[in-house]
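Worksheet: one structure, shown below.
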Amino acid sequence: MADTIFGSGNDQWVCPNDRQLALRAKLQTGWSVHTYQTEKQRRKQHLSPAEVEAILQVIQRAERLDVLEQQRIGRLVERLETMRRNVMGNGLSQCLLCGEVLGFLGSSSVFCKDCRKKVCTKCGIEASPGQKRPLWLCKICSEQREVWKRSG
């Protein structure tokens, strides 16, 4: 596969093929290189110490934010796993979450749209209120959706 050259004049760039990308990944040399440059032009492109420091500060701040975000997502996932471990019913004749008896003599029940288990109306969350036929979610599935939304 041939290389593709972008740009014109002194600012030409080469987009390498897949084989070159794999080799550059092994060598850790980046994905593209400037072509047709003199050594004098390359020396002009070095960063000043102030620019290097500013870039390093931005990278460190991004790494700290990433660690905080991972911890936040970890807490959400742990909360979800705790909810799953603490289920008390079977989801058929008992509420999946609290274990209350469902049916004619017990509490009214609803089906969770995601897991298709029965829960009582106390443990269910109405996902689309105000519609003719509302959709219900159990608290576990609702929390799972929140984790998906918050973690991207």
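What you are looking at is a predicted structure, and each value in this text was computed from that prediction instead of being measured.
Residue Ile125 is not grouped with residue Phe111 when hydrophobic side chains (ILVMFWY) are merged at heavy-atom distances under 4.5 angstrom, including chains of intermediate members.
Partners of Arg85 by salt bridge (charged side-chain N to carboxylate O under 4.0 Å, His left out), not counting sequence neighbours, listed by chain and number: Glu78. Under the side-chain hydrogen bond (donor to acceptor under 3.5 Å, both in side chains) criterion, Glu69 pairs with Arg72, not counting sequence neighbours. Applying the salt bridge (charged side-chain N to carboxylate O under 4.0 Å, His left out) test to Lys113 and every residue at least two apart in sequence or in another chain returns nothing. Every residue was checked against the salt bridge (charged side-chain N to carboxylate O under 4.0 Å, His left out) condition with Glu53, not counting sequence neighbours, and none meets it. The side-chain hydrogen bond (donor to acceptor under 3.5 Å, both in side chains) check on Ser93 picks up Asn90, with sequence neighbours excluded. Qualifying side-chain hydrogen bond (donor to acceptor under 3.5 Å, both in side chains) partners for Gln70, counting only residues two or more places apart in sequence or in other chains: none. Every residue two or more places apart in sequence or in another chain that forms a side-chain contact (heavy atoms from CB on, under 4.5 Å) with Ala127 is listed here: Leu135, Leu137. Judged as a side-chain contact (heavy atoms from CB on, under 4.5 Å), and not counting sequence neighbours, Val101 has no contacts. Checked against side-chain hydrogen bond (donor to acceptor under 3.5 Å, both in side chains), Glu51 has the following partners two or more places apart in sequence or in another chain: Ser48. Contacts of Ile59 classified as side-chain contact (heavy atoms from CB on, under 4.5 Å), with partners at least two apart in sequence or in another chain: Ile55, Glu63. Residues forming a side-chain contact (heavy atoms from CB on, under 4.5 Å) with Met83 (at least two apart in sequence, or on another chain): Lys139, Ile140, Glu143.
Sorted by first and then second residue, the pairs that involve residues 120-131 and meet salt bridge (Lys or Arg N to Asp or Glu O under 4.0 Å), not counting sequence neighbours, are Glu100-Lys122.
Listed here is the closest heavy atom pair of Val119 and Cys138: CG1-CB, 3.6 Å. Across all non-hydrogen atoms, the minimal contact from Ser108 to Leu102 is O-CD2, 4.2 Å.
For the side-chain contact (heavy atoms from CB on, under 4.5 Å) with Cys123, the qualifying choice from Leu96, Leu97, Val87 is Leu97, the only one to do so.
Here the CD atom belonging to Gln94 is positioned 12.5 Å from the OG atom belonging to Ser109, to the nearest 0.5 angstrom. Between atom CD of residue Gln60 and atom CD of residue Gln57 there is a gap of 7.0 Å, rounded to the nearest 0.5 Å.
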Intermediate values then yes/no, side chain to side chain contact (heavy atoms under 4.5 Å, CB included), Gln144 and Leu80 = CA-CA 7 Å; Gln144 176 69 50; Leu80 178 63; 2.9 Å; yes
